[in-house]
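I have placed the structure first, in the form of structure tokens, so that the comments after it can refer back to it.
The model shown is predicted, which means the values in this text are computed figures rather than measured ones. So you know, we letter chains A, B, ... as the sequences are listed, proteins then strands, and number each from 1.
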Amino acid sequence: MGDFFSQFATLFENYDVLGAFWVNIQLTFWAALLALVIGTVLALMRISPIPSLAWVGTAYVTIFRNTPLTIIMVFMTLGVWGQLKFELSQDFASNFFRLAVVALAVYHAAFVCEAIRSGVNTVPLGQAEAARAIGLSFLPAARIVILPQAFRGAVAPLGNTLIALIKNSTVAAAAGVATETSTLMKNMIEFNSSLIYAIFLTFAIGYVILVIPVGVATTALSRRLAVRR
Amino acid sequence: MSARRSVLFDAPGPVARRRIAIGNVVAAILVAALVVLLLMRLDAEGQLDADKWAPIFTADAWTNYLLPGLVDTLRAAALAIVGALVLGILLGIGRVAHAWWLRAICTVVVEFFRAVPVLLMMIFFWLLMAQQNVPDAPFWAVVLALVLYNGSVVAELVRSGVHGLPSGQREAALAVGLTRGQSLRSVEVPQALVAMLPALVSQLVVVLKDSALGYIITYTELLQESRRLGSANVNILQALTVAAVIFIVVNYTLTKIAELLARTLSSRTAGSTTTFAAGLENTAGGGSTLQADLPAGDPDVTDHPHEHGAGPRLG
């Protein structure tokens with residue numbers, strides 16, 4: 001037993017487990033920012049009264065929600081970088097990192113768009129009619145009455161998307177980001193096969209620790225912000 | 001598109017209609033210009049050449065690469081969804097059981113498998129089975145990882161389905177003399193299963209998408225095969241595009257079937273049929289844990305946010 005623990009401890013000296021999780025957190029952070037921007041633009045397009053914009057937004061969501069993230073990742077490295085020679089950085093490693101961030105963002109933007117749109121859809125029509133009835137024009141009605149309620153309704157689905165993004169950041173392995181958790185776990189197991197259960201549990205519990213606080217926080221937030229109807 | 005009127009915009013008058021028409025044309029031109037620019041860029045790289053696309057539309061490409069890949073993808077996904085259904089119903093009943101220790105165990109199991117990335121599980125099972133010399137290790141690793149993750153999601157579907165039933169269902173069952181277990185088994189869970197059928201079909205989309213993760217552990221699914229096709233003919237971009245189109249067509253069809261089921265099944269259960277479970281929608285292929293059951297969000301289905309009840313899942 002003592003042998004097991006000493007082996008397990010040397011693992012942490014030889015492999016940078018925390019560093020790998022830090023890579024995934026960074027992937028998640030940048031992809032979340034980018035996805036929020038793209039997703040908001042898409043949501044605005046989809047709820048706008050202009051049919052061609054709405055059509056483009058719908059097409060984007062349909063395409064990217066139904067494509068596996070792994071294909072987008074492989075497409076980014078083998079297609080966009082390998083074939084089209086499109087680079088996001090001169091440095092090899094940070095080029096792959098950025099391509100992975102773009103792939104994650106492009107994929108999750110479709111879900112951010114749907115989260116925001118579902119937030120808008122939680123606002124009953126009566127709210128808009130009441131705003132109009134007391135004399136608010138379009139912008140004040142949107143700013144004071146509708147959008148605040150819509151954002152509250154979007155908190156829970158946005159939280160879900162963020163959690164999915166944290167977990168999906170492991171797929172960056174398919175885009176050649178070699179320092180993130182799933183690749184490191186694979187390497188560690190391959191070279192220390194007797195410790196396979198301990199290594200897997202370490203990484204699994206790491207994700208439980210990352211994901212559950214986000215879930216608890218967004219649940220608490222969406223409950224606190226919920227509009228009583 | 002949602003049939004109901006948008007909450008943000010009034011019905012347009014003559015001036016607004018004219019502005020919308022102008023904006024529509026301008027936006028359409030802008031989008032078309034973007035697409036043309038993209039195509040020109042691709043053409044400049046020689047990606048639109050006939051010799052890049054022609055190899056895809058040969059019998060060889062389909063019989064040797066794409067169809068076997070699709071079959072392997074569907075095989076893993078089909079087995080995974082059946083396994084997930086069995087595991088999910090068992091765990092789901094455990095999560096609404098009367099015995100507190102059973103509830104606690106099932107809750108921990110469900111939350112664990114929903115929080116761990118599917119890819120980590122796949123790599124773990126793959127290497128474990130390779131160690132034990134299990135034949136066909138990548139296939140079983142894909143299936144097992146998908147069963148565990150999606151089984152937990154199905155358990156949540158069952159749980160929220162049972163909680164979504166009107167309390168009169170249980171009260172009536174108890175009133176005619178059934179025990180709580182009998183009420184669960186013969187009154188509540190069956191109705192919850194009907195209510196969750198559309199969500200289950202939607203979950204199949206997630207399973208199909210996640211099966212592409214098998215690419216990373218050398219499983220010969222559609223993505224892997226299309227990559228091999230692409231390397232054989234030096235047209236990786238085109239081969240991947242075709243694989244993506246196949247996935248999109250299959251998944252889009254499944255989504256439409258789920259929506260149809262949600263509409264037709266609503267008379268068969270006292271619960272609400274939606275294409276997602278409360279708080280489980282929008283799983284982005286990765287799923288999530290511990291989220292709120294609050295306003296769900298499909299624009300076309302009226303949901304009852306507070307009927308799905310239940311607080312944070314670890315409580």
May I ask you to name which of [options] has the most heavy-atom pairs under 4.5 Å with chain A?
options                       : answer
B/V26, B/L30, B/L127          : B/L127
B/A243, B/P117, B/G46         : B/P117
B/L42, B/L119, B/V245, B/V249 : B/L119

In this structure, OG1 of B/T241 is separated from CD1 of A/I71 (nearest 0.5 Å) by 9.0 Å

Give, for atom OG of A/S194 and atom CD of B/Q131, the distance between the pair rounded to the nearest 0.5 Å.
-> 8.0 Å

How far apart are the C-alpha atoms of A/F86 and B/R41, what are their side-chain angles, what is the distance that settles it, and do they pass the side chain to side chain contact (heavy atoms under 4.5 Å, CB included) test?
-> CA-CA 11 Å; A/F86 186 79; B/R41 175 83 206 270; 4.2 Å; yes

Looking only at non-hydrogen atoms, find the nearest pair between [X] and [Y] and report the distance.
X      : Y      : value
A/Y197 : B/L128 : OH-CD1, 3.5 Å
A/A174 : B/Y215 : CB-CE2, 4.4 Å
B/A28  : A/S52  : N-OG, 3.6 Å
A/P51  : B/I20  : CD-CG2, 4.1 Å
A/A142 : B/L8   : CB-CD2, 3.8 Å
A/F203 : B/L120 : CB-CD1, 4.0 Å

Under 4.5 Å from any heavy atom of chain A - which part of [X]:
X      : result
B/Y252 : both
B/R19  : neither
B/M122 : neither
B/T255 : side chain
B/L223 : side chain
B/I216 : side chain

Is the centre of the B/F9 ring less than 6.0 Å from the centre of the A/F138 ring?
-> yes

At a heavy-atom distance under 4.5 Å, which candidate from [options] has the highest pair count against chain B?
options                      : result
A/S193, A/G79, A/A128        : A/S193
A/T62, A/I47, A/V155, A/I196 : A/I196
A/V171, A/V80, A/L147        : A/V171
A/L69, A/L78, A/L162         : A/L78
A/L84, A/I189, A/I166        : A/L84
A/A150, A/A204, A/S169       : A/A204

Do the non-hydrogen side-chain atoms of A/T170 and B/V118 ever get within less than 4.5 Å of each other?
-> no

Sub-4.5 Å side-chain heavy-atom contact between B/F124 and A/K186 | no

Kindly assign one of parallel, tilted or perpendicular to the pair B/F125 and A/F200, based on the angle between their ring planes and the thresholds 30° and 60°.
-> tilted

Contact class of A/V56 relative to chain B, heavy atoms under 4.5 angstrom | side chain

Can you tell which part of A/L201 gets under 4.5 Å to a heavy atom of chain B, answering side chain, backbone, both or neither?
-> side chain

Applying ring-ring contact (aromatic ring centres under 6.0 Å, His included), which residue pairs with at least one partner in residues 57-76 of chain A are found, sequence neighbours left out?
-> A/Y60-A/F64

Under the side chain to side chain contact (heavy atoms under 4.5 Å, CB included) rule, what do A/V74 and B/I236 come out as? Steps first, then yes or no, please.
-> CA-CA 10 Å; A/V74 176; B/I236 187 80; 5.7 Å; no

Pair B/E45, A/Q83: side-chain N/O donor-acceptor within cut-off below 3.5 Å = no

Any donor-acceptor pair under 3.5 Å from A/K167 side chain to B/R114 backbone = yes

Mark yes when over 12 heavy atoms from residues, nucleotides or ligands other than B/W53 sit less than 6.0 Å from its CH2; otherwise mark no.
-> yes

Using the test side chain to side chain contact (heavy atoms under 4.5 Å, CB included), find all partners of B/N251 that sit at least two apart in sequence or belong to another chain.
-> A/N66, B/V205, B/L208, B/K209, B/F247, B/L254

